[in-house]
Trainee: 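The structure under discussion is supplied below as structure tokens; questions concerning it will follow.
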Amino acid sequence: MAGPDSDECKFFFLAQGRCEGRISGRFRGANHPNRRGDGTFLPDFQGVIETDEGAELLFDYRGYGRAYPVGRRQIVATGTHLSEDERYRWLNDSLSVGVGEVRSQPDESTELVVEWAELVWEPVEE
């Protein structure tokens with residue numbers, strides 16, 4: 001059984017921040033991860049990115065939030081995006097992969113820093 005007195009737990013977090021790079025803008029979302037008995041988080045994170053150009057991109061991120069190293073826990077993730085905006089429709093058939101860290105801050109908050117890359121399809125050799 002999962003719960004606060006169990007090795008396995010279910011959580012709910014609200015997050016907001018900015019993304020910078022090929023896609024720049026404000027993001028907001030909700031993460032409702034499970035935590036396994038070994039301390040690994042399994043993110044289940046959905047939300048929206050409002051780009052600086054006014055487009056909206058829905059996102060869905062999954063992966064692993066490893067329990068180590070303490071203070072800068074590792075993140076490996078996959079991401080899908082959806083947009084009706086012509087400038088970002090290329091994301092609708094794209095798969096993203098990300099690596100990053102959960103960084104503990106002096107004020108006891110946490111900062112998630114993830115670098116994303118697009119996984120590009122190429123033909124399989126015969």
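Note that the coordinates shown come from a computational prediction; the quantities given were computed from them, not determined experimentally. Counting begins at 1 with the first residue of the sequence.
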Trainee: Give me each pair satisfying side-chain hydrogen bond (donor to acceptor under 3.5 Å, both in side chains) with a member in residues 65-80, each pair once, sequence neighbours excluded.
Mentor: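 Applying side-chain hydrogen bond (donor to acceptor under 3.5 Å, both in side chains) to every pair that reaches into residues 65-80, excluding sequence neighbours, yields Arg66-Gln74, Arg72-Glu101.
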Trainee: Work out which heavy atom in Gly65 is nearest to a heavy atom in Pro43; give both atom names and the distance.
Mentor: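 For Gly65 and Pro43, the tightest heavy-atom pair comes out as N-CD, 4.0 Å.
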Trainee: For residues 76-92, which residue pairs qualify under salt bridge (Lys or Arg N to Asp or Glu O under 4.0 Å), counting only residues two or more places apart or in two chains?
Mentor: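 Sorted pair list: Asp85-Arg87, Glu86-Arg89.
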Trainee: If hydrophobic residues (ILVMFWY) are linked whenever their side-chain heavy atoms come closer than 4.5 Å, directly or via other members, who joins Tyr88 in its cluster?
Mentor: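 Answer for Tyr88: Ile23, Phe27, Phe45, Ile49, Leu57, Phe59, Tyr61, Ile75, Trp90, Leu91, Val102, Leu112, Val114, Trp116.
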Trainee: In Å and rounded to the nearest 0.5 Å, what is the SG to CD distance from Cys19 to Glu50?
Mentor: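 Nearest 0.5 Å value for the SG-CD distance: 10.5 Å.
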Trainee: Indicate the atoms forming the closest heavy-atom contact of Glu8 with Arg36, along with that distance.
Mentor: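 Nearest heavy atoms, Glu8 then Arg36: CG-C, 4.1 Å.
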Trainee: Quick one: does Asp44's side chain have a donor or acceptor within less than 3.5 Å of a partner on Pro33's backbone?
Mentor: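 Pair absent, no side-chain N/O of Asp44 close to backbone of Pro33.
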Trainee: Please name the pair of heavy atoms, one in Arg18 and one in Arg26, separated by the smallest distance, quoted to 0.1 Å.
Mentor: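 Scanning both residues, the minimum pair turns out to be NH1-N, 4.0 Å.
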Trainee: Report yes or no: does Ser83 contribute a side-chain atom to a donor-acceptor pair with the main-chain N or O of Glu56 at less than 3.5 Å?
Mentor: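 The answer is yes, because a donor-acceptor pair under 3.5 Å joins these two groups.
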Trainee: Looking at CG of Asn34 and CZ of Phe41, how far apart are the two atoms once the value is rounded to the nearest 0.5 Å?
Mentor: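 It is 9.5 Å, given to the nearest 0.5 Å.
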Trainee: Might you point out which heavy atoms bring Gly39 and Ala67 nearest each other, and give the distance in Å?
Mentor: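 Closest approach of Gly39 to Ala67: O-CB, 3.6 Å.
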Trainee: For the CZ atom of Arg22 and the OG1 atom of Thr51, what is their distance to the nearest 0.5 Å?
Mentor: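 Rounded to the nearest 0.5 Å, the CZ-OG1 separation comes out at 13.0 Å.
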Trainee: Run the numbers on Ser24 and Glu53 for side-chain contact (heavy atoms from CB on, under 4.5 Å), then give the verdict.
Mentor: CA-CA 9 Å; Ser24 293; Glu53 301 86 25; 5.7 Å; no
Trainee: I'd like to know whether CG of Asp38 has more than 12 heavy-atom contacts from other residues, nucleotides or ligands below 6.0 angstrom.
Mentor: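 Yes, enclosed.
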Trainee: Compare all side-chain heavy atoms of His81 with those of Ser94 and state whether any distance is below 4.5 angstrom.
Mentor: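 No; the side chains remain at least 4.5 Å from each other.
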